[in-house]
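Sequence lines set the chain letters: A, B, ... in the order given, protein chains first and strands last, and positions in each chain run from 1.
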There are 2 protein chains.
Amino acid sequence: MKTYLNPAPDTWGDLLRRPTMAAADLDKIVGGVLADIEQRGDEAVREYTERFDGVRLDDFRVSEAEIAEARATLAPELKAAIQLARTNIETFHARQWEPVEAVETMPGVRCWRKSVPIEKVGLYIPGGTAPLFSAVLMLGVPATIAGCRERILCTPPDKNGKVNPAILYTADLVGITQIFKIGGAQAIGAMTYGTATVSSVYKIFGPGNQYVTAAKQLASRRGVAIDMPAGPSEVLVCADDTANPVFVAADLLSQAEHGIDSQVVLVTLSETMAKAVAEAVEAQLATLPRRDIAKEALSHSVTIVLEDRAAAVELINAYAPEHLILSVADAGEMGEQILNAGSVFLGHYTPESVGDYASGTNHTLPTDGYARSYSGVSLDSFIKKITFQELSREGLQGLGPAVQRMAEAEELMAHARAVAVRLEEKA
Amino acid sequence: MKTYLNPAPDTWGDLLRRPTMAAADLDKIVGGVLADIEQRGDEAVREYTERFDGVRLDDFRVSEAEIAEARATLAPELKAAIQLARTNIETFHARQWEPVEAVETMPGVRCWRKSVPIEKVGLYIPGGTAPLFSAVLMLGVPATIAGCRERILCTPPDKNGKVNPAILYTADLVGITQIFKIGGAQAIGAMTYGTATVSSVYKIFGPGNQYVTAAKQLASRRGVAIDMPAGPSEVLVCADDTANPVFVAADLLSQAEHGIDSQVVLVTLSETMAKAVAEAVEAQLATLPRRDIAKEALSHSVTIVLEDRAAAVELINAYAPEHLILSVADAGEMGEQILNAGSVFLGHYTPESVGDYASGTNHTLPTDGYARSYSGVSLDSFIKKITFQELSREGLQGLGPAVQRMAEAEELMAHARAVAVRLEEKA
C-alpha cells in the first residue's frame, strides 16, 4: 500500500481513482449470447453450459433429491450458523415494510402508497472456487419477506453437474421456489427471455463476473430491472489512535482477499497508526491462504494520513465507499457526518465480516462511487410502491379548478376537460 | 380505436404490444454529443444550443432579474393554482420520510438505516410547444424536502433566449438552486460531466424526447444515476356499467393528446359501454385543439370488452399500465387486486388529470411495462438509505462464531480472522 501524508484535497480524486472497465468489447460477446438464448432457448443454454462449465445437462432443474442430499451432508454447525444469519437478516428486513397510510392532502382528496411485491424475481449466484451461499441469504430472505411469487435462482454447475450443498441448503431454507444449474451470461439470458425450462423474470439480482455484469446491464435495456451496477468490492477503514492495528489490518485483508481488483483504502489520523497497521498487514499476510490475491489487491491500494477528522469525513464522502469501517473513539458521532457510503461499521468490534454474513444488514451494496446516489439492496428492492388516489365529488370541486388552470397553461385542453365534464355533471 | 370482444388471454400480449424503440442509432448520435461536452465543456454546449435551439447564448444562467420578471408577469390565478399543487405534493411527499429506527437483531448487535439526501441532483424540463411546469413541481418539491444540497434545472431556451415564465416561477417557488437555459442531450451531457458553468450531478431526473432519453441511458453507464427508463405515456381505463361514458372519453383523450405515440387502452365489461365511449370520444374530438395528435394516438389504441371483472384484473396486471383509472362501482376493492401499475385513480371523480398536476401524488411514473418492477418517483428517489451497524464486545462474542464458520465455508479466511483477532483480545 502506498502512503500519502496530508495530500491536498484537490489530489484526492487521483489518489482514489477506481479502475474503469472497458464495457464495449464485453457487450458484443455477451449480446451474442443473449440473442442466441432469446432465439434457441434451452438448447442454447445447454450448449453454453457445455462450453463454459464443461458439463452436458439434459435437465437444469435441481431436484428435491439433490436438496435433501445437501441437507443431509452439510455440517450441523454450518447449518446452525446459516440459520442464525437468516434470522437476523429476516428481523432487520421485515421491519422495512411500509404500512399503507392514506394522506388527505385536501378535503376529499385521499392519496396513499401501497407496497406490492415484484411478482417474479431471479437471483444469480456465482460458482467458482468458493460457494457464495451468503448471497443466497441476502437476496432470498428479502424476496420471501416481500412475497415475490416466483423466486428463482441460477448458479453454475461444476464439472460433474453438481451445485455446492451450502448453496442448495440455503436456497431451500430461505424459500427459493426453483433452482437451476445455469451460470454466466446464459443464466441472465434465460431469466430475461425465458426458455421452456426457466421462466422469465421482472428483476434480476446478484453478483457475478464481468460477463454476468455486462449481461445484466444489457438485460436492463430490454425491459428487465436489475439490482444495481456492479463493480469490484471496496472498503475504506478510518482509524484514529484508539484503533487496534491488528484489527484494522485484518479488516483490510478481508477485503483484499476478495479479488485482485478489490479496492482497499486506509485513512489514519497519525503516521504512527499507518505504520503499525502496515506491519500488522505484513504479519497477517504470511499465513493467509489467499495471500497472492490479497497481495495484488494491496499493491494498488492506498493509505492516506490526514491531520484532522474533518478532512477524513470530507475524503470519505468524496470517495463514497461501499463499506466504511469507522475504527475511531466516537464512531457514532463521526457516522452522523457520513453522506456517501453503502454500509457503515461503527467502532472497534464491528468488522465488515459481520455485515457480510450475519448482522442483519444486506451485503449487496453500491460500489464504484454509486453510494452517492444508490442504496444497497433492501426489502424495497423486491417491491414497487404503487400510488393510489381517490377523490370524492366534493374533493374534485375543491381541487378541480386549479387542475383546469394548470392544464390550460400547459395547453393540454383534454386534461382540463376531464375535470370540466365531471364538474358540469348535474347532481 | 379497434375493439376486441372477449379476446383469449393468450392473445392479450399481441393486442397490447407497445412499440419498441430503436436505440442503437440514437446512441451513436447522442454519444457523440456527450463526448464533445466532456471534452469541450461550455463551448460545446454553446454550439449545440445555437444549432438545435437557434440562439447563441453567452451565459446559460437564468438571472434573478429574469425570475423576478416571470413572477411579475404570470397570471395570479395560475400562480395560486401552482401554489395549491405545491402544497398538496409537499404534504404527500413529506410523509414519505422514514424515521431512523435501530433494530437489535441479537443482544449487542444494533442495525439501522438512515435516509441521506443525494447531494447533487439535476432536473431536465423539456421545452417545446407547452411549458411543462408541472414536471418542475413533481421533481423540485421532493428534491427540496429530501434536502439535496444542489438542485439544478436545465431547460431549453426559445429562439429569443428566453424560458417560459411558468417554468421560472415554479422553479423558484419550489427551491431550485440554479436554472440553466440548456436543452436536449447537451443538457444531460453538461449535468453528467460538468462544465465551467454547470456543476456535475449524481442523479438526473425528468422527461424528454428520444434524444434526452438516450442521453440519460448513456449517462447511467457513466456513473450518474437516472430516475427511470422512459417511454411514451400510457393510460388504461377500466369502465363498468356504472361509468359515465363522457368522463371515460375525456380521460382517454387526455392521454391521447400528449403525443402521437401515447398508449391508450379501454377495458369495458360490456359492449354497450364500449360503444357509448366510442361515440363520446368522436363527439369530444371535434372541438379538441390537439385533435390531430389525439386522432393519431387513438388510431393505434384498443378497446377490449371482457366478460368479467377477474379477467379485467388479470389483463391490467399483465399490461402494467403507467396510469390506471378504475371507473367502476367498487373501485377500492378492485384496486386491492392491482399488482402492476404506476398510479391508480379510483372511482368516477378521479380523472388522471388530478394526479398529473395537483392531487399530491407524483406524475413521474414507470412506462413501457416497467410498472412490473419500478415505482414512480417519490421522496425515495432523492435519497439513499445508508445502513449502519454497531456491535458491542458482547455482541461480537454472540454473533462472531457464526460469522467465522460461514466465512470458513466460503473459503474467505481473512473474513474469519477479522472476527478471531477481536475475540482473542485480552480484556
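- Side-chain contact between A:Val224 and A:Tyr202 is absent, with no heavy atoms from C-beta onward closer than 4.5 Å.
- Qualifying salt bridge (charged side-chain N to carboxylate O under 4.0 Å, His left out) partners for B:Glu424, counting only residues two or more places apart in sequence or in other chains: none.
- A:Glu104 has its side chain out of reach of A:Val109: every pair of non-hydrogen atoms, C-beta onward, lies at least 4.5 Å apart.
- Both the backbone and the side chain of A:Arg113 have a heavy atom closer than 4.5 Å to some heavy atom of chain B.
- Heavy atoms closer than 4.5 Å to chain B are found nowhere in A:Ile293, neither backbone nor side chain.
- Stacking of A:Arg422 on the aromatic ring of B:Tyr349 is not recorded, the 6.0 Å distance cut-off and the 45° axial limit not both being met.
- Both the backbone and the side chain of A:Ala225 come within contact range of chain B, each with at least one heavy atom under 4.5 Å from a heavy atom of that chain.
- We find that A:Glu257 and A:Arg291 are not joined by a salt bridge, their nearest charged nitrogen and carboxylate oxygen being 4.0 Å or further apart.
- For a residue to count as touching a neighbouring chain, one of its non-hydrogen atoms must lie under 4.5 Å from one of that chain's; by this rule A:Arg95 touches chain B with the side chain only.
- In this structure, chain A has heavy atoms under 4.5 Å from both the backbone and the side chain of B:Val421.
- Every residue two or more places apart in sequence or in another chain that forms a ring-ring contact (aromatic ring centres under 6.0 Å, His included) with B:Tyr370 is listed here: B:Tyr374.
- In this structure, chain B has no heavy atom under 4.5 Å from any part of A:Thr87.
- For B:Val116, the part lying near chain A is the side chain, with the backbone staying farther off; criterion is any non-hydrogen pair under 4.5 Å.
- Interface remark: B:Leu74 contributes no atoms to any contact with chain A (heavy atom separation under 4.5 Å).
- Residue B:Lys120: no heavy atom, backbone or side chain, is found under 4.5 Å from chain A.
- Neither the backbone nor the side chain of B:Pro229 comes within contact range of chain A, judged by heavy atoms closer than 4.5 Å.
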